[in-house]
Amino acid sequence: MTKVAIFASGSGSNFENIVRHVQQGHIEDIEITALYTDHHDAYCIKRAEQLGVSVHINEPKRFESKSHYEQHLLSLLSAEGVQWIVLAGYMRLIGEDILKAYPHKILNIHPSLLPKFKGIDAIGQAFRSGDSITGSTVHYVDNGMDTGEIIEQRQCDIRTDDTIETLEERVKQLEYELYPSVIAKIIR
Ligand code: GRF
């Protein structure tokens with residue numbers, strides 16, 4: 001069993017989707033050790049409780065520095081024997097300490113066809129761009145913002161009658177297929 005930690009900051013629908021894939025046997029030989037979140041009131045915590053996944057809540061502001069925060073996370077990750085980290089809406093750059101400890105072992109999903117529309121509000125950026133397609137990208141994490149090596153992308157249309165909400169829903173549906181399938185291929 002490969003041990004995987006999922007990091008999330010918000011709603012956690014990708015987190016829930018990955019856990020369900022593992023629990024239903026659609027991703028084999030992987031154990032999700034815990035959800036790691038940086039917000040005490042993030043909705044992903046409720047999802048984790050419902051799914052029976054343990055949760056580590058660590059708010060960076062309670063630590064002296066980013067390095068202290070990451071060293072604390074590393075001690076938890078190491079105690080759980082975590083081999084891979086999967087970011088699913090974790091709204092924070094991974095720092096040098098964790099990057100060094102997990103070289104080429106951290107994945108992220110981003111809701112655009114990278115290298116287009118890096119950073120926050122990628123769906124809004126795509127929506128306002130005039131482009132007729134967008135999508136989602138799974139990539140390795142490096143020290144930049146959404147700059148790591150691309151692993152796989154899926155695309156979808158931006159329709160003329162879309163609102164941000166309908167586009168977001170279409171991108172999310174792509175992500176719910178893309179992320180589990182990449183995790184099953186790359187991590188296993
Ligand atoms: C996803 O769209 C993902 O691409 C981005 O953050 C969003 C997280 O959504 N990195 P959710 O919390 O999984 O619903």
Side-chain angles (χ1 to χ4, degrees), residues 4-23 26-27 30 32 34-51 53 55-59 84-95 98-99 102 105-129 131 133-158 162-184 186-187:
V4 176
I6 303 184
F7 284 23
S9 303
S11 155
S13 71
N14 278 281
F15 156 72
E16 174 167 351
N17 180 56
I18 295 163
V19 171
R20 289 200 184 280
H21 273 74
V22 172
Q23 289 180 343
H26 303 312
I27 306 178
I30 280 176
I32 308 293
L35 168 73
Y36 285 65
T37 186
D38 53 350
H39 284 293
H40 71 274
D41 56 357
Y43 188 69
C44 55
I45 297 169
K46 292 220 165 51
R47 295 190 198 257
E49 286 163 1
Q50 282 160 5
L51 292 160
V53 174
V55 183
H56 296 296
I57 306 169
N58 289 286
E59 302 199 330
W84 282 80
I85 298 172
V86 165
L87 309 185
Y90 181 66
M91 300 302 287
R92 207 167 276 286
L93 281 180
I94 298 291
I98 294 182
L99 282 174
Y102 287 88
K105 291 271 193 288
I106 309 175
L107 302 180
N108 183 40
I109 190 161
H110 182 76
S112 76
L113 295 174
L114 289 173
K116 278 195 152 189
F117 311 132
K118 298 185 180 101
I120 57 164
D121 192 25
I123 293 176
Q125 293 182 55
F127 182 73
R128 292 184 293 273
S129 69
D131 288 1
I133 59 161
T134 187
S136 179
T137 304
V138 177
H139 64 93
Y140 289 106
V141 171
D142 64 11
N143 58 4
M145 169 113 49
D146 307 318
T147 50
E149 181 192 334
I150 291 171
I151 300 170
E152 203 171 314
Q153 298 183 305
R154 295 263 166 98
Q155 67 177 54
C156 65
D157 294 336
I158 303 176
D162 264 332
T163 60
I164 294 220
E165 289 74 24
T166 59
L167 182 58
E168 184 173 346
E169 184 50 35
R170 193 170 313 116
V171 173
K172 278 271 163 73
Q173 291 307 319
L174 284 185
E175 297 195 327
Y176 298 154
E177 290 175 19
L178 175 64
Y179 217 0
S181 109
V182 172
I183 288 167
I186 298 281
I187 296 189

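Every number for a ligand or one of its atoms is a count from 1 in the order of the listing.
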* **From D162 atom CG to E168 atom CD, the distance as rounded to the nearest 0.5 Å** => 11.5 Å
* For atom 14 (O) of ligand 1, the protein heavy atom that lies nearest, with its residue and separation -> S13 OG, 2.5 Å
* To do: Identify, by atom number and element, the atoms of ligand 1 in contact range of P111, meaning under 4.0 Å from any of its heavy atoms.
  => 2 (O), 4 (O), 5 (C)
* To do: Can you pull out the closest protein heavy atom to atom 1 (C) of ligand 1? Residue, atom name and distance to 0.1 Å, please.
  => E175 OE1, 3.1 Å
* Looking only at non-hydrogen atoms, find the nearest pair between T134 and S112 and report the distance. => OG1-CA, 4.0 Å
* Is it true that atom CD1 of I120 has more than 12 heavy atoms of other residues, nucleotides or ligands lying nearer than 6.0 Å? -> no
* So, for L178 and S136, which heavy atoms are closest and what is the spacing to 0.1 Å? -> CD2-O, 3.6 Å
* Close-contact set for ligand 1 against H110 heavy atoms, below 4.0 Å -> 4 (O)
* Asked: Which of the atoms in ligand 1, numbered in the order shown and given with their element, are less than 4.0 Å from a heavy-atom of S11?
  -> 12 (O), 14 (O)
* Return yes if a side-chain donor-acceptor contact under 3.5 Å exists between Q173 and E169, otherwise no. => yes
* Asked: Of all the atoms in ligand 1, which lie at a distance below 4.0 Å from a heavy atom belonging to N14?
  -> 1 (C), 9 (O), 11 (P), 13 (O)
* Asked: How close does the nearest protein non-hydrogen atom get to atom 12 (O) of ligand 1, and which residue and atom is it?
  -> G12 N, 2.7 Å
* Residue and atom name of the nearest protein heavy atom (relative to atom 9 (O) of ligand 1), distance in Å to one decimal -> K172 CE, 3.3 Å
* To do: Would you indicate which of I109, T137, I120 comes nearest to atom 10 (N) of ligand 1 when only heavy atoms are counted?
  => I109
* Looking only at protein heavy atoms, which one is nearest to atom 8 (C) of ligand 1, and how far off is it? -> G89 CA, 3.7 Å
* Structure fact -> Taking every heavy atom of E175 against every heavy atom of N14, the minimum-distance pair comes out as OE1-ND2, 3.2 Å
* Asked: Do S13 and R47 meet the criterion of a side-chain donor-acceptor pair at a distance under 3.5 Å?
  -> no
